[in-house]
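Below is one structure, written out as C-alpha coordinates, with a few remarks after it.
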Amino acid sequence: MTHPTPLYLDNAATSYPKPDAVYASVIKYMRENGASPGRGNYARALEADRLVYEARKAIASLLGAPRPSQVIFTCNATESINIALKGYLRQGDRVLTTGYEHNAVARPLKKLEDQRRIQVDRVPCTAEGALDMESVKAKLQDGVRLLAVSHASNVIGCVTPLEELVAAAHERGAAVLADAAQTAGAYPVDVTAVPVDMLAFTGHKGLLGPTGTGGLYLRKGLELSTLKEGGTGGMSLSPFPPDDPPDRYEAGTMNISGIAGLRASAQYLLDIGVDAVRAHEARLSGLLLDGLESVPKLTCYGPRSAENRIGLVSFNIEGHDPHKVSMRLDRDYGIMVRSGLHCAPEAHRLLGTAPIGAVRASIGYFNQPSDIERFVGALGEIASLPPD
Amino acid sequence: MFLASIEVLDVDICVQLADKFVARTRASADLKEIMPYLNGMFRSSVYNHGDGSIRFTNDGIEYTIINDQVNIAKFSNRTELYELLDWLKDLINDTYESRSEMTPLYARRKPVPVFFIYNLLPKTNCQRCGERTCMAFAARVNKLEAGIDACPLLFEPEYDASRSKLEGALG
Ligand SMILES: Cc1ncc(COP(=O)(O)O)c(C=O)c1O
Ligand code: SF4
(Lines give C-alpha, C1' and ligand atoms only; values in the text may rest on other atoms or scores of the structure.)
(Ligands and ions follow the chains in the order given, each with its own letter.)
Protein backbone atom coordinates (compact mmCIF):
# COMPACT_ATOMS: atom_id res chain seq x y z
CA MET A 1 0.00 0.00 0.00
CA THR A 2 1.30 3.47 -0.79
CA HIS A 3 1.62 5.74 2.16
CA PRO A 4 -0.61 8.79 2.01
CA THR A 5 1.00 12.21 2.47
CA PRO A 6 1.04 12.93 6.18
CA LEU A 7 -1.50 15.45 7.44
CA TYR A 8 -0.80 16.86 10.88
CA LEU A 9 -3.86 17.97 12.81
CA ASP A 10 -2.53 17.96 16.36
CA ASN A 11 -1.51 21.59 16.62
CA ALA A 12 -3.14 21.97 20.04
CA ALA A 13 -0.53 19.54 21.39
CA THR A 14 2.31 21.27 19.58
CA SER A 15 2.35 23.10 16.28
CA TYR A 16 3.92 21.62 13.17
CA PRO A 17 5.48 22.67 10.89
CA LYS A 18 7.24 25.81 12.13
CA PRO A 19 8.11 28.80 9.95
CA ASP A 20 11.43 28.15 8.17
CA ALA A 21 13.08 31.01 10.02
CA VAL A 22 12.62 29.06 13.26
CA TYR A 23 14.77 26.14 12.14
CA ALA A 24 17.34 28.49 10.66
CA SER A 25 17.58 30.60 13.82
CA VAL A 26 18.08 27.66 16.14
CA ILE A 27 20.89 26.34 13.97
CA LYS A 28 22.42 29.76 13.49
CA TYR A 29 22.60 30.36 17.21
CA MET A 30 23.99 26.91 17.95
CA ARG A 31 26.59 26.99 15.21
CA GLU A 32 27.63 30.60 15.21
CA ASN A 33 27.13 31.84 18.74
CA GLY A 34 26.67 29.12 21.31
CA ALA A 35 27.30 31.40 24.32
CA SER A 36 25.35 31.69 27.55
CA PRO A 37 23.43 34.95 28.00
CA GLY A 38 23.35 37.13 31.11
CA ARG A 39 26.81 36.17 32.28
CA GLY A 40 29.98 36.67 30.28
CA ASN A 41 31.09 39.97 28.81
CA TYR A 42 32.89 38.82 25.70
CA ALA A 43 31.24 39.98 22.49
CA ARG A 44 29.44 36.74 21.77
CA ALA A 45 27.92 36.50 25.21
CA LEU A 46 26.67 40.06 24.79
CA GLU A 47 25.23 39.07 21.42
CA ALA A 48 23.44 36.18 23.13
CA ASP A 49 22.04 38.71 25.63
CA ARG A 50 20.70 40.79 22.79
CA LEU A 51 19.13 37.74 21.19
CA VAL A 52 17.25 36.85 24.37
CA TYR A 53 16.19 40.48 24.77
CA GLU A 54 14.88 40.63 21.21
CA ALA A 55 12.88 37.46 21.86
CA ARG A 56 11.44 38.96 25.04
CA LYS A 57 10.59 42.15 23.23
CA ALA A 58 8.84 40.34 20.39
CA ILE A 59 6.82 38.22 22.83
CA ALA A 60 6.00 41.29 24.93
CA SER A 61 4.64 43.06 21.88
CA LEU A 62 2.61 40.00 20.81
CA LEU A 63 1.04 39.89 24.28
CA GLY A 64 0.60 43.65 24.58
CA ALA A 65 2.97 43.77 27.58
CA PRO A 66 4.38 47.27 28.17
CA ARG A 67 7.92 46.12 28.94
CA PRO A 68 10.04 43.16 27.85
CA SER A 69 11.23 42.62 31.44
CA GLN A 70 7.69 41.63 32.36
CA VAL A 71 8.11 38.48 30.29
CA ILE A 72 9.84 35.68 32.17
CA PHE A 73 11.12 32.77 30.13
CA THR A 74 10.37 29.24 31.29
CA CYS A 75 10.46 25.85 29.58
CA ASN A 76 6.69 25.62 28.96
CA ALA A 77 3.27 26.76 30.18
CA THR A 78 3.31 24.08 32.86
CA GLU A 79 6.40 25.58 34.48
CA SER A 80 4.93 29.08 34.16
CA ILE A 81 1.69 28.05 35.86
CA ASN A 82 3.62 26.33 38.64
CA ILE A 83 5.71 29.48 39.21
CA ALA A 84 2.54 31.58 39.28
CA LEU A 85 0.43 29.39 41.56
CA LYS A 86 3.18 28.33 43.94
CA GLY A 87 4.75 31.78 44.01
CA TYR A 88 1.51 33.63 44.60
CA LEU A 89 -0.69 31.45 46.80
CA ARG A 90 -0.23 31.36 50.54
CA GLN A 91 -1.48 29.13 53.31
CA GLY A 92 -5.26 28.98 53.40
CA ASP A 93 -5.88 31.15 50.29
CA ARG A 94 -9.07 30.74 48.32
CA VAL A 95 -8.88 30.15 44.59
CA LEU A 96 -11.60 30.18 42.00
CA THR A 97 -11.18 28.23 38.77
CA THR A 98 -13.23 26.59 36.02
CA GLY A 99 -14.32 23.02 35.53
CA TYR A 100 -12.35 22.61 32.30
CA GLU A 101 -8.78 23.29 33.35
CA HIS A 102 -5.81 21.42 31.99
CA ASN A 103 -3.86 19.35 34.51
CA ALA A 104 -1.18 22.05 34.30
CA VAL A 105 -3.54 24.12 36.47
CA ALA A 106 -5.55 21.41 38.22
CA ARG A 107 -2.61 19.39 39.56
CA PRO A 108 -0.59 22.23 41.10
CA LEU A 109 -3.82 23.43 42.71
CA LYS A 110 -4.43 19.94 44.06
CA LYS A 111 -0.94 19.86 45.52
CA LEU A 112 -1.47 23.25 47.16
CA GLU A 113 -4.79 22.05 48.58
CA ASP A 114 -2.85 19.36 50.39
CA GLN A 115 0.28 21.36 51.22
CA ARG A 116 -0.97 24.86 51.93
CA ARG A 117 -4.57 24.08 52.71
CA ILE A 118 -5.78 26.36 49.96
CA GLN A 119 -9.47 26.11 49.09
CA VAL A 120 -10.34 25.62 45.45
CA ASP A 121 -13.78 26.35 44.13
CA ARG A 122 -15.04 25.82 40.58
CA VAL A 123 -17.44 27.95 38.57
CA PRO A 124 -20.34 25.97 37.16
CA CYS A 125 -20.42 25.91 33.39
CA THR A 126 -22.26 24.27 30.53
CA ALA A 127 -20.91 21.48 28.33
CA GLU A 128 -20.14 24.19 25.80
CA GLY A 129 -17.88 25.84 28.32
CA ALA A 130 -20.13 28.84 29.03
CA LEU A 131 -19.44 30.10 32.56
CA ASP A 132 -22.19 31.25 34.85
CA MET A 133 -21.10 34.86 35.42
CA GLU A 134 -23.54 35.42 38.26
CA SER A 135 -22.02 32.50 40.04
CA VAL A 136 -18.51 33.85 39.36
CA LYS A 137 -19.47 37.13 41.00
CA ALA A 138 -21.11 35.41 43.95
CA LYS A 139 -18.15 33.12 44.54
CA LEU A 140 -15.70 36.03 44.29
CA GLN A 141 -17.42 37.66 47.27
CA ASP A 142 -15.91 35.09 49.60
CA GLY A 143 -12.42 36.56 49.85
CA VAL A 144 -11.03 34.74 46.81
CA ARG A 145 -7.38 35.76 46.30
CA LEU A 146 -6.87 34.32 42.85
CA LEU A 147 -8.95 33.48 39.83
CA ALA A 148 -7.06 30.90 37.74
CA VAL A 149 -8.59 30.22 34.33
CA SER A 150 -7.54 28.97 30.96
CA HIS A 151 -8.00 31.51 28.21
CA ALA A 152 -9.32 28.71 26.02
CA SER A 153 -10.02 25.06 26.72
CA ASN A 154 -7.81 22.54 24.94
CA VAL A 155 -10.74 20.07 24.78
CA ILE A 156 -13.95 22.07 24.46
CA GLY A 157 -12.36 24.77 22.36
CA CYS A 158 -14.35 27.48 24.12
CA VAL A 159 -12.77 30.90 24.71
CA THR A 160 -13.09 32.18 28.27
CA PRO A 161 -14.58 35.70 28.61
CA LEU A 162 -11.37 37.03 30.18
CA GLU A 163 -12.31 40.68 30.06
CA GLU A 164 -15.46 40.19 32.11
CA LEU A 165 -13.70 37.85 34.51
CA VAL A 166 -10.80 40.25 35.08
CA ALA A 167 -13.19 43.13 35.75
CA ALA A 168 -15.22 41.03 38.20
CA ALA A 169 -12.12 39.71 39.97
CA HIS A 170 -10.39 43.07 40.28
CA GLU A 171 -13.53 44.69 41.57
CA ARG A 172 -13.45 42.22 44.43
CA GLY A 173 -9.71 42.32 45.04
CA ALA A 174 -8.78 39.01 43.45
CA ALA A 175 -5.83 38.66 41.07
CA VAL A 176 -6.16 36.76 37.79
CA LEU A 177 -3.90 34.11 36.29
CA ALA A 178 -4.73 33.25 32.68
CA ASP A 179 -3.45 30.06 31.10
CA ALA A 180 -2.96 31.17 27.51
CA ALA A 181 -1.33 27.90 26.38
CA GLN A 182 -3.99 27.46 23.69
CA THR A 183 -4.34 31.08 22.64
CA ALA A 184 -1.00 32.94 22.59
CA GLY A 185 -0.01 33.39 18.95
CA ALA A 186 -3.25 31.98 17.53
CA TYR A 187 -5.89 34.12 19.16
CA PRO A 188 -5.53 37.76 20.24
CA VAL A 189 -4.12 38.25 23.74
CA ASP A 190 -3.60 41.74 25.13
CA VAL A 191 -2.54 42.08 28.74
CA THR A 192 -2.88 45.86 28.59
CA ALA A 193 -6.44 45.90 27.29
CA VAL A 194 -7.41 42.95 29.51
CA PRO A 195 -5.20 43.56 32.53
CA VAL A 196 -4.61 40.06 33.88
CA ASP A 197 -2.05 39.90 36.68
CA MET A 198 -0.26 36.85 35.34
CA LEU A 199 -0.44 35.12 32.00
CA ALA A 200 1.21 31.79 31.26
CA PHE A 201 2.05 30.84 27.69
CA THR A 202 3.91 28.11 25.92
CA GLY A 203 6.26 28.70 23.00
CA HIS A 204 5.64 25.59 20.95
CA LYS A 205 1.92 25.77 20.18
CA GLY A 206 0.34 28.88 18.64
CA LEU A 207 3.56 30.84 19.05
CA LEU A 208 5.12 28.43 16.53
CA GLY A 209 8.43 28.15 18.39
CA PRO A 210 10.45 25.13 19.52
CA THR A 211 9.41 22.87 22.39
CA GLY A 212 11.08 23.68 25.68
CA THR A 213 10.13 27.35 25.45
CA GLY A 214 7.41 29.25 27.25
CA GLY A 215 6.94 32.06 29.68
CA LEU A 216 5.00 34.00 32.21
CA TYR A 217 3.88 37.60 31.91
CA LEU A 218 3.80 39.36 35.28
CA ARG A 219 1.98 42.59 35.99
CA LYS A 220 4.38 45.39 36.99
CA GLY A 221 4.96 45.45 40.72
CA LEU A 222 3.73 41.92 41.35
CA GLU A 223 6.48 39.96 43.06
CA LEU A 224 6.19 36.20 43.55
CA SER A 225 8.19 33.97 45.80
CA THR A 226 10.53 31.88 43.67
CA LEU A 227 10.04 28.26 42.70
CA LYS A 228 13.71 27.64 42.02
CA GLU A 229 16.83 29.46 43.10
CA GLY A 230 20.24 29.44 41.52
CA GLY A 231 22.67 31.36 39.37
CA THR A 232 21.30 34.39 37.54
CA GLY A 233 24.59 35.80 36.30
CA GLY A 234 24.48 38.94 38.41
CA MET A 235 24.60 39.82 42.12
CA SER A 236 26.30 36.55 42.85
CA LEU A 237 27.47 37.58 46.31
CA SER A 238 23.95 37.68 47.64
CA PRO A 239 22.63 34.40 49.03
CA PHE A 240 19.17 35.38 47.76
CA PRO A 241 17.70 35.68 44.29
CA PRO A 242 17.55 39.24 42.89
CA ASP A 243 14.31 41.18 43.39
CA ASP A 244 13.87 42.34 39.84
CA PRO A 245 12.22 40.48 37.03
CA PRO A 246 13.02 38.67 34.84
CA ASP A 247 16.25 37.45 36.51
CA ARG A 248 14.52 36.70 39.79
CA TYR A 249 12.60 33.84 38.16
CA GLU A 250 15.14 32.63 35.64
CA ALA A 251 17.77 30.84 37.70
CA GLY A 252 19.97 28.50 35.68
CA THR A 253 21.17 28.60 32.09
CA MET A 254 18.18 29.17 29.88
CA ASN A 255 17.10 27.28 26.77
CA ILE A 256 18.70 29.77 24.48
CA SER A 257 18.62 27.54 21.39
CA GLY A 258 14.88 27.33 21.86
CA ILE A 259 14.60 31.03 22.56
CA ALA A 260 16.49 31.77 19.33
CA GLY A 261 13.76 29.84 17.52
CA LEU A 262 11.02 31.51 19.53
CA ARG A 263 12.37 34.90 18.63
CA ALA A 264 12.07 34.01 14.94
CA SER A 265 8.54 32.64 15.29
CA ALA A 266 7.39 35.63 17.34
CA GLN A 267 8.79 37.94 14.69
CA TYR A 268 7.02 35.89 12.01
CA LEU A 269 3.72 36.31 13.90
CA LEU A 270 4.30 40.04 14.38
CA ASP A 271 4.87 40.35 10.64
CA ILE A 272 1.71 38.51 9.58
CA GLY A 273 -0.34 39.58 12.60
CA VAL A 274 -2.16 37.37 15.09
CA ASP A 275 -5.47 38.66 13.72
CA ALA A 276 -4.64 37.17 10.33
CA VAL A 277 -3.75 33.83 11.94
CA ARG A 278 -6.97 33.90 13.89
CA ALA A 279 -9.02 34.73 10.80
CA HIS A 280 -7.46 31.88 8.86
CA GLU A 281 -7.97 29.38 11.66
CA ALA A 282 -11.53 30.54 12.33
CA ARG A 283 -12.34 30.04 8.67
CA LEU A 284 -10.90 26.52 8.73
CA SER A 285 -12.70 25.75 12.01
CA GLY A 286 -15.94 26.81 10.36
CA LEU A 287 -15.28 24.44 7.47
CA LEU A 288 -14.37 21.71 9.92
CA LEU A 289 -17.52 22.17 12.01
CA ASP A 290 -19.68 22.15 8.88
CA GLY A 291 -17.89 19.11 7.52
CA LEU A 292 -18.21 17.16 10.75
CA GLU A 293 -21.92 17.87 10.83
CA SER A 294 -22.24 15.94 7.58
CA VAL A 295 -20.62 12.81 9.03
CA PRO A 296 -23.27 10.37 10.24
CA LYS A 297 -23.23 9.28 13.90
CA LEU A 298 -20.65 11.93 14.77
CA THR A 299 -21.10 14.15 17.83
CA CYS A 300 -19.09 17.37 18.10
CA TYR A 301 -18.42 18.91 21.50
CA GLY A 302 -18.16 22.54 22.44
CA PRO A 303 -19.56 25.77 21.00
CA ARG A 304 -21.46 25.42 17.70
CA SER A 305 -19.96 28.42 16.05
CA ALA A 306 -16.35 28.94 15.01
CA GLU A 307 -16.62 32.50 16.33
CA ASN A 308 -16.54 31.39 19.93
CA ARG A 309 -13.87 28.80 19.70
CA ILE A 310 -10.23 28.30 18.92
CA GLY A 311 -9.01 26.10 16.09
CA LEU A 312 -9.79 22.71 17.54
CA VAL A 313 -12.77 20.36 17.61
CA SER A 314 -13.28 17.33 19.84
CA PHE A 315 -15.77 14.70 18.73
CA ASN A 316 -16.79 11.05 18.92
CA ILE A 317 -18.34 8.68 16.42
CA GLU A 318 -21.04 6.52 17.91
CA GLY A 319 -19.95 2.92 18.26
CA HIS A 320 -16.30 3.74 17.59
CA ASP A 321 -13.60 3.91 20.21
CA PRO A 322 -11.82 7.31 19.90
CA HIS A 323 -8.47 5.65 20.33
CA LYS A 324 -9.15 3.35 17.38
CA VAL A 325 -10.46 6.20 15.27
CA SER A 326 -7.18 8.06 15.67
CA MET A 327 -5.19 4.86 14.98
CA ARG A 328 -7.14 4.29 11.77
CA LEU A 329 -6.77 7.91 10.70
CA ASP A 330 -3.03 7.59 11.05
CA ARG A 331 -2.58 4.10 9.61
CA ASP A 332 -4.99 4.32 6.67
CA TYR A 333 -5.05 8.03 5.89
CA GLY A 334 -1.82 9.47 7.25
CA ILE A 335 -3.81 11.90 9.41
CA MET A 336 -2.49 12.71 12.87
CA VAL A 337 -4.99 13.67 15.56
CA ARG A 338 -5.03 13.06 19.27
CA SER A 339 -7.49 10.87 21.14
CA GLY A 340 -7.98 10.38 24.85
CA LEU A 341 -8.31 12.79 27.73
CA HIS A 342 -5.89 15.48 26.52
CA CYS A 343 -4.51 16.01 30.05
CA ALA A 344 -7.80 17.68 30.95
CA PRO A 345 -9.99 15.05 32.66
CA GLU A 346 -12.25 17.72 34.15
CA ALA A 347 -13.21 18.96 30.71
CA HIS A 348 -14.05 15.44 29.63
CA ARG A 349 -16.16 14.94 32.74
CA LEU A 350 -18.06 18.04 31.76
CA LEU A 351 -18.62 16.65 28.28
CA GLY A 352 -19.55 13.24 29.65
CA THR A 353 -16.70 11.67 27.69
CA ALA A 354 -14.54 10.53 30.62
CA PRO A 355 -12.88 8.07 30.97
CA ILE A 356 -12.37 7.11 27.32
CA GLY A 357 -12.21 10.66 26.06
CA ALA A 358 -12.70 11.87 22.51
CA VAL A 359 -10.87 12.50 19.25
CA ARG A 360 -9.48 16.01 18.88
CA ALA A 361 -8.48 17.61 15.60
CA SER A 362 -6.59 20.86 15.88
CA ILE A 363 -5.75 23.27 13.11
CA GLY A 364 -2.58 25.24 12.55
CA TYR A 365 -1.75 28.30 10.53
CA PHE A 366 -0.25 26.16 7.75
CA ASN A 367 -3.37 24.05 7.17
CA GLN A 368 -5.50 24.66 4.10
CA PRO A 369 -9.19 24.06 3.27
CA SER A 370 -8.18 20.98 1.27
CA ASP A 371 -6.79 19.44 4.49
CA ILE A 372 -10.19 19.81 6.13
CA GLU A 373 -11.91 18.21 3.18
CA ARG A 374 -9.53 15.30 3.24
CA PHE A 375 -10.01 14.83 6.98
CA VAL A 376 -13.80 14.97 6.80
CA GLY A 377 -13.77 12.51 3.92
CA ALA A 378 -11.70 10.06 5.93
CA LEU A 379 -14.05 10.35 8.90
CA GLY A 380 -17.04 9.67 6.64
CA GLU A 381 -15.42 6.41 5.58
CA ILE A 382 -14.55 5.43 9.14
CA ALA A 383 -18.07 6.21 10.34
CA SER A 384 -19.49 3.87 7.71
CA LEU A 385 -17.42 0.96 9.02
CA PRO A 386 -19.13 -1.49 11.34
CA PRO A 387 -18.89 -0.44 15.03
CA ASP A 388 -15.88 -1.68 17.05
CA MET B 1 17.13 57.27 11.08
CA PHE B 2 19.70 59.36 12.95
CA LEU B 3 20.67 56.67 15.45
CA ALA B 4 20.30 53.13 14.10
CA SER B 5 21.63 51.16 17.05
CA ILE B 6 23.55 51.16 20.29
CA GLU B 7 25.92 48.28 20.77
CA VAL B 8 26.81 46.95 24.21
CA LEU B 9 30.58 46.67 24.69
CA ASP B 10 30.86 45.65 28.31
CA VAL B 11 28.75 45.04 31.39
CA ASP B 12 30.27 45.21 34.85
CA ILE B 13 29.14 45.43 38.44
CA CYS B 14 28.62 48.90 39.84
CA VAL B 15 31.30 50.03 42.28
CA GLN B 16 28.85 52.20 44.21
CA LEU B 17 25.93 49.84 44.56
CA ALA B 18 26.64 46.16 44.94
CA ASP B 19 23.35 45.04 43.45
CA LYS B 20 23.53 47.22 40.35
CA PHE B 21 25.41 47.18 37.07
CA VAL B 22 27.17 49.55 34.72
CA ALA B 23 27.61 49.19 30.96
CA ARG B 24 29.76 50.71 28.27
CA THR B 25 28.03 50.98 24.93
CA ARG B 26 28.66 52.56 21.54
CA ALA B 27 26.13 54.43 19.45
CA SER B 28 26.15 54.05 15.67
CA ALA B 29 26.28 57.85 15.32
CA ASP B 30 28.18 60.65 17.01
CA LEU B 31 25.72 62.15 19.48
CA LYS B 32 27.40 65.52 19.94
CA GLU B 33 24.88 67.28 17.76
CA ILE B 34 21.97 66.18 19.92
CA MET B 35 23.52 67.01 23.29
CA PRO B 36 22.38 70.64 23.61
CA TYR B 37 18.82 69.41 23.14
CA LEU B 38 19.18 66.66 25.74
CA ASN B 39 20.74 69.29 28.00
CA GLY B 40 17.55 71.31 27.85
CA MET B 41 15.45 68.24 28.58
CA PHE B 42 16.93 66.89 31.80
CA ARG B 43 16.98 68.88 34.94
CA SER B 44 19.93 66.84 36.14
CA SER B 45 22.07 67.34 33.08
CA VAL B 46 25.67 68.45 33.19
CA TYR B 47 26.74 69.41 29.70
CA ASN B 48 30.15 70.30 28.44
CA HIS B 49 29.99 71.74 24.97
CA GLY B 50 33.78 71.85 24.56
CA ASP B 51 34.30 68.17 25.41
CA GLY B 52 31.20 66.98 23.61
CA SER B 53 29.95 65.26 26.75
CA ILE B 54 26.78 65.19 28.76
CA ARG B 55 25.68 63.46 31.94
CA PHE B 56 22.16 63.12 33.23
CA THR B 57 20.03 60.99 35.51
CA ASN B 58 16.59 59.66 34.77
CA ASP B 59 14.55 57.29 36.98
CA GLY B 60 17.60 56.57 39.09
CA ILE B 61 19.71 55.55 36.08
CA GLU B 62 22.84 57.54 35.21
CA TYR B 63 23.79 58.26 31.62
CA THR B 64 27.12 59.64 30.46
CA ILE B 65 27.57 60.33 26.78
CA ILE B 66 30.87 61.30 25.19
CA ASN B 67 30.70 61.55 21.40
CA ASP B 68 29.46 58.07 20.42
CA GLN B 69 30.20 56.44 23.76
CA VAL B 70 27.27 55.91 26.07
CA ASN B 71 27.82 54.72 29.62
CA ILE B 72 24.86 53.62 31.67
CA ALA B 73 24.98 52.99 35.39
CA LYS B 74 22.79 51.63 38.19
CA PHE B 75 20.55 49.25 36.26
CA SER B 76 19.48 45.92 37.77
CA ASN B 77 19.96 43.38 35.03
CA ARG B 78 20.71 42.98 31.35
CA THR B 79 17.10 42.96 30.29
CA GLU B 80 16.68 46.34 31.92
CA LEU B 81 19.85 47.54 30.17
CA TYR B 82 18.36 46.73 26.77
CA GLU B 83 15.07 48.36 27.72
CA LEU B 84 16.99 51.49 28.68
CA LEU B 85 18.94 51.43 25.43
CA ASP B 86 15.69 51.16 23.46
CA TRP B 87 14.28 54.07 25.42
CA LEU B 88 17.40 56.17 24.88
CA LYS B 89 17.56 55.38 21.19
CA ASP B 90 13.90 56.39 20.71
CA LEU B 91 14.43 59.54 22.75
CA ILE B 92 17.47 60.55 20.71
CA ASN B 93 15.74 59.85 17.41
CA ASP B 94 12.58 61.71 18.47
CA THR B 95 14.68 64.63 19.63
CA TYR B 96 16.62 64.66 16.39
CA GLU B 97 13.41 64.62 14.35
CA SER B 98 11.89 67.56 16.19
CA ARG B 99 15.06 69.55 16.89
CA SER B 100 13.92 72.44 14.69
CA GLU B 101 11.12 73.13 17.17
CA MET B 102 13.38 72.89 20.22
CA THR B 103 15.79 75.38 21.70
CA PRO B 104 19.23 73.96 22.26
CA LEU B 105 20.79 74.79 25.61
CA TYR B 106 24.55 75.28 25.43
CA ALA B 107 25.11 76.57 28.92
CA ARG B 108 26.26 74.39 31.72
CA ARG B 109 23.71 74.39 34.51
CA LYS B 110 24.95 75.61 37.87
CA PRO B 111 24.07 73.51 40.87
CA VAL B 112 21.57 75.06 43.27
CA PRO B 113 23.25 75.51 46.70
CA VAL B 114 22.32 72.98 49.39
CA PHE B 115 21.39 75.65 51.89
CA PHE B 116 19.09 77.39 49.45
CA ILE B 117 17.23 74.13 48.92
CA TYR B 118 17.20 73.26 52.62
CA ASN B 119 15.69 76.62 53.54
CA LEU B 120 12.70 75.95 51.35
CA LEU B 121 12.05 72.39 52.61
CA PRO B 122 9.46 71.74 55.37
CA LYS B 123 12.27 70.93 57.88
CA THR B 124 10.25 68.31 59.73
CA ASN B 125 12.79 65.52 59.24
CA CYS B 126 9.83 63.21 58.75
CA GLN B 127 11.91 60.92 56.50
CA ARG B 128 9.13 60.30 54.02
CA CYS B 129 11.52 61.14 51.21
CA GLY B 130 13.68 58.22 52.26
CA GLU B 131 16.40 60.44 53.75
CA ARG B 132 17.18 60.75 57.44
CA THR B 133 16.94 64.53 57.48
CA CYS B 134 15.75 67.40 55.33
CA MET B 135 19.40 68.46 55.06
CA ALA B 136 20.41 65.07 53.69
CA PHE B 137 17.58 65.34 51.19
CA ALA B 138 18.71 68.83 50.19
CA ALA B 139 22.21 67.52 49.57
CA ARG B 140 20.83 64.84 47.26
CA VAL B 141 18.72 67.33 45.38
CA ASN B 142 21.79 69.53 44.97
CA LYS B 143 23.70 66.61 43.46
CA LEU B 144 20.69 65.93 41.21
CA GLU B 145 20.36 62.49 42.73
CA ALA B 146 16.83 63.21 43.91
CA GLY B 147 13.98 65.36 42.70
CA ILE B 148 11.82 67.50 44.98
CA ASP B 149 8.78 65.38 44.13
CA ALA B 150 10.18 62.81 46.59
CA CYS B 151 9.14 65.08 49.47
CA PRO B 152 5.39 64.66 49.81
CA LEU B 153 4.97 67.51 52.31
CA LEU B 154 6.12 70.05 49.72
CA PHE B 155 3.01 69.24 47.76
CA GLU B 156 0.68 70.32 50.51
CA PRO B 157 -0.93 73.74 50.01
CA GLU B 158 1.00 75.46 52.80
CA TYR B 159 4.27 74.80 50.94
CA ASP B 160 3.03 75.97 47.56
CA ALA B 161 5.20 79.08 47.64
CA SER B 162 8.37 77.21 48.67
CA ARG B 163 7.72 74.55 46.10
CA SER B 164 7.38 76.97 43.24
CA LYS B 165 10.58 78.76 44.33
CA LEU B 166 12.38 75.41 44.31
CA GLU B 167 10.93 74.51 40.96
CA GLY B 168 12.05 77.82 39.58
CA ALA B 169 15.58 77.45 40.89
CA LEU B 170 15.97 73.87 39.79
CA GLY B 171 14.70 74.61 36.32
C1 LIG C 1 -4.88 24.64 28.29
C2 LIG C 1 -3.48 24.14 28.43
N3 LIG C 1 -2.75 24.52 29.50
C4 LIG C 1 -1.49 24.11 29.67
C5 LIG C 1 -0.87 23.30 28.76
C6 LIG C 1 0.52 22.88 29.02
O7 LIG C 1 1.42 23.32 28.06
P8 LIG C 1 2.90 22.78 28.09
O9 LIG C 1 2.77 21.29 27.84
O10 LIG C 1 3.59 23.45 26.97
O11 LIG C 1 3.45 23.06 29.40
C12 LIG C 1 -1.59 22.86 27.63
C13 LIG C 1 -1.03 21.96 26.60
O14 LIG C 1 -0.49 20.94 26.77
C15 LIG C 1 -2.92 23.30 27.46
O16 LIG C 1 -3.63 22.92 26.41
S1 SF4 D 1 9.99 64.25 53.28
FE2 SF4 D 1 10.37 66.44 53.12
S3 SF4 D 1 9.97 67.16 55.16
FE4 SF4 D 1 10.18 64.97 55.35
S5 SF4 D 1 12.38 64.68 55.80
FE6 SF4 D 1 12.18 64.55 53.61
S7 SF4 D 1 12.57 66.59 52.93
FE8 SF4 D 1 12.14 66.78 55.09
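The sequence lines fix the lettering, A, B, ..., with proteins before strands; numbering per chain opens at 1. No experiment lies behind these values; they were computed from the predicted model shown.
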### Message
Are there over 12 heavy-atom neighbours, none belonging to B/Met1, within less than 6.0 Å of that residue's CE?
### Response
no
### Task
Would you please test B/Tyr82 and B/Trp87 for ring pair (Phe, Tyr, Trp, His ring centres under 6.0 Å) and show each step?
CA-CA 9 Å; B/Tyr82 284 102; B/Trp87 170 81; over 10 Å; no
### Query
Quick one: what part of B/Asp12 sits under 4.5 Å from any heavy atom of chain A, side chain, backbone, both or neither?
neither
#### Entry: A/Thr202 and A/Asn76: side chain donor to acceptor below 3.5 Å
no
### Query
What part of A/Ser238 is in contact with chain B, defined as an atom under 4.5 angstrom from a non-hydrogen atom: side chain, backbone, both or neither?
neither
### Identified side-chain contact (heavy atoms from CB on, under 4.5 Å) partner of B/Phe42 from the options B/Asn58, B/Ile54, B/Thr57
B/Asn58
### Query
At a heavy-atom separation under 4.5 Å, does A/Pro242 approach chain B through its side chain, its backbone, both, or neither?
neither
### Message
Is B/Leu9 close to chain A through its backbone or its side chain, or both, or neither, when contacts mean heavy atoms under 4.5 Å?
### Response
backbone
### Message
Among B/Leu81, B/Asp19, B/Thr79, B/Ile13, which residue has the highest count of heavy-atom pairs closer than 4.5 Å to chain A?
### Response
B/Thr79
### Query
Which one of A/Arg56, A/Lys228, A/Arg39 satisfies the salt bridge (charged side-chain N to carboxylate O under 4.0 Å, His left out) criterion with A/Glu250?
A/Arg56
### Message
Counting only non-hydrogen atoms closer than 4.5 Å, does A/Arg248 touch chain B with its backbone (N, CA, C, O), its side chain (CB onward), both, or neither?
### Response
neither
